[in-house]
Amino acid sequence: MEEILYSLTDHKVLAIIVGFLLVMLETFAPILPLIAIVLANAFVLGMWMGFLVSWVSSAIASIILYYIANRFSRLKYIQKYKSKEQVKRVTSWIHRQGFNTIFISYACPFIPDFLVTISSGFAGTEIKNYISGMVFGKFVMFLLISYIGEDLDKVFQEPIKIVVFILSVIISWILGRKINNRIHTENVPK
């Protein structure tokens, strides 16, 4: 595996394409190790390029999967399932929480993106809430993983980097929340 990673560093364009496709594939096949793929992207491409490739490909794939799940939610069998009381409670909770739930779910690397995306599509989460929460949540998660993937030793040797990361998480959440609120206030009829 290590030999493959080092050989990819010599072929940046190929590494970008492979990294992009692997992250997209992981969105649809969650058995692949997302954290390992993002770490490899950061190692092979460098922190910023690896982060960008992982973040963009995952966001695109998540939006596609959301639309697929949303379309399937209209099937009769799924409608019948959605009418059950437990499903209604979960759906209602997702609608009430909106941006916050989606942001936190995507920012946490241990919650499967696949389930959050499918649940949001089936629940009929507003696309604006979904995209803003997903994009900013994935931003935080992929930035953290890429940061660690570039040089693990430096993260633990320089505590200021941890402080900078925590501040970036807070700023990302605030910025995402403001953008989400602005989107909703612009679309409210006067």
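Numbers here are sequence positions counted from 1.
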Do T27 and D113 touch side chain to side chain, with heavy atoms closer than 4.5 Å? no

Please enumerate all residues that pass side chain to side chain contact (heavy atoms under 4.5 Å, CB included) together with I16, with sequence neighbours excluded. L45, M49, V53

Atom CG of L115 and atom CD1 of I118: how far apart are they, to the nearest 0.5 Å? 8.0 Å

Please report, to 0.1 Å, the donor-acceptor pairs under 3.5 Å made by any side chain of residues 59-68, with sequence neighbours excluded.
residue : atom : partner : partner atom : Å
S62     : OG   : S58     : O            : 2.9
S62     : OG   : K138    : NZ           : 3.3
Y66     : OH   : T125    : O            : 2.3

Evaluation steps, side-chain contact (heavy atoms from CB on, under 4.5 Å), between Y106 and F142: CA-CA 10 Å; Y106 280 110; F142 288 146; over 6 Å; no

Within this structure, what is the CD1-CG distance for the pair I37 and L32, rounded to the nearest 0.5 Å? 5.0 Å

Closest approach of V23 to S54 (non-hydrogen atoms, all atoms of both residues): CG1-O, 3.5 Å

Nearest 0.5 Å, what's the OG-CG distance between S146 and L52? 9.5 Å

d(N41 CG, W55 CH2) to nearest 0.5 Å is 15.0 Å

Nearest-0.5 Å distance that lies between atom CD1 in I127 and atom CE in M134: 7.5 Å

Are the aromatic rings of F139 and F51 close, with centres under 6.0 Å apart? yes

List the atom of I145, the atom of V38, and the distance in Å for their closest heavy-atom pair. CG2-CG1, 3.4 Å

Take F103 and V140 through the side-chain contact (heavy atoms from CB on, under 4.5 Å) test and state the conclusion after the steps. CA-CA 9 Å; F103 175 86; V140 168; 4.0 Å; yes

Are side-chain heavy atoms of M141 and L34 found at a separation under 4.5 Å? yes

Sub-4.5 Å side-chain heavy-atom contact between L143 and M47: yes

Between atom CG of L25 and atom OG of S57, what is the distance when rounded to the nearest 0.5 Å? 10.5 Å

